[in-house]
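A quick write-up on the structure given underneath.
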Amino acid sequence: MQNQVSKSDSEWKESLTPEQYHIARQKGTEPAFSGKYYLSKEKGVYCCAACNNPLFHSNDKFESGSGWPSFVQPITGSIVTEIDTSHGMTRTEVLCANCGAHLGHVFPDGPKDKGGQRYCINSTILNLKKE
């Protein structure tokens, strides 16, 4: 992955909150049903909190019941994926294509009429730019 934003670990710690750092740089997750955007219906573009890269349109957000914001698709070119074998499972990790921040995971259990994908993303690493 070729990140356009490159910072040292100490620079990331200075620019992110401790919770954002834990999720974005240490591949953590926020507790289900705790994030500020998991029920949000506001219109706009969800951007990476680490680098402001536009990631998802609010029109692509849906209520999955998972406790995290869920989207049917990202903005073209905004994310990259990698295989994640942590915690004894194999999942597809979603990363910001601009800075490499861990955003969440993608699962094949989304709405079938919209491609079947569920991008399950941590609220903590998102900022909504309202329309």
Inset, instruction - State, with a plain yes or no, whether a side-chain heavy atom of C96 is found less than 4.5 Å away from one of S78. - result: no
Legend entry - Heavy-atom closest pair, residues A49 and L16: O-CD2, 4.3 Å
Inset, instruction - Would you indicate whether the side-chain heavy atoms of K7 and S15 approach each other to under 4.5 Å? - result: yes
Inset, instruction - Kindly say whether G28 contributes a backbone atom to a donor-acceptor pair with the side chain of Q26 at under 3.5 angstrom? - result: no
Inset, instruction - Flag the pair P111 / V72 as yes when at least one side-chain heavy-atom distance between them is below 4.5 Å, and no otherwise. - result: yes
Legend entry - Interatomic spacing from CD1 in I23 to CD1 in I125 - rounded to 0.5 Å: 7.0 Å
Inset, instruction - Test Y38 against every option in Y46, F33, F71, F62 by the ring pair (Phe, Tyr, Trp, His ring centres under 6.0 Å) rule and name the one that passes. - result: F33
Inset, instruction - Mind telling me whether Y119 and F56 have parallel, tilted or perpendicular rings, with 30° and 60° as the class edges? - result: tilted
Legend entry - P69 vs K61 side-chain heavy atoms within contact, under 4.5 Å: yes
Legend entry - Atom pair CZ/NZ of R25 and K13 - distance to nearest 0.5 Å: 12.0 Å
Inset, instruction - Go through the side-chain N and O atoms of N122 and T29 and say whether any donor and acceptor fall under 3.5 Å apart. - result: yes
Inset, instruction - Please report the closest heavy-atom contact between G100 and L95, naming both atoms and the distance. - result: O-CD2, 3.5 Å
Legend entry - Q20 side chain to T17 backbone, donor-acceptor under 3.5 Å: yes
Legend entry - V45 side chain near L128 side chain, heavy-atom distance below 4.5 Å: no
Inset, instruction - Using a 4.5 Å cut-off on heavy atoms from C-beta on, say whether the side chain of K129 contacts that of N52. - result: yes
Legend entry - Spacing of C48 atom SG and I79 atom CD1 [to the nearest 0.5 Å]: 12.0 Å
Inset, instruction - Output every pair passing salt bridge (charged side-chain N to carboxylate O under 4.0 Å, His left out) with a member in residues 28-53, not counting sequence neighbours, ordered by first then second residue. - result: E42-K130
Legend entry - Heavy-atom pair of closest approach, residues K27 and E93: NZ-OE2, 2.8 Å
Legend entry - Nearest atoms (heavy-atom pairs only) where P54 meets C47: CA-SG, 3.8 Å
Inset, instruction - Taking all non-hydrogen atoms of both residues into account, name the closest pair between R118 and D109 and its distance. - result: NE-OD1, 2.7 Å
Inset, instruction - Enter the distance from S8:OG to E14:CD here, rounded to the nearest 0.5 Å. - result: 7.5 Å
Legend entry - Rounded distance [0.5 Å steps], CG in N53 versus CD1 in I75: 8.0 Å
Legend entry - S123 versus Y37, closest heavy-atom pair with distance: OG-N, 3.0 Å
Legend entry - Side chain T85, main chain I83, donor-acceptor under 3.5 Å: no
Legend entry - Rounded distance [0.5 Å steps], CG in L103 versus OG1 in T124: 11.5 Å
Legend entry - Residues in side chain to side chain donor-acceptor pair (under 3.5 Å) contact with D84, at least two apart in sequence or another chain: S86, R91, H105
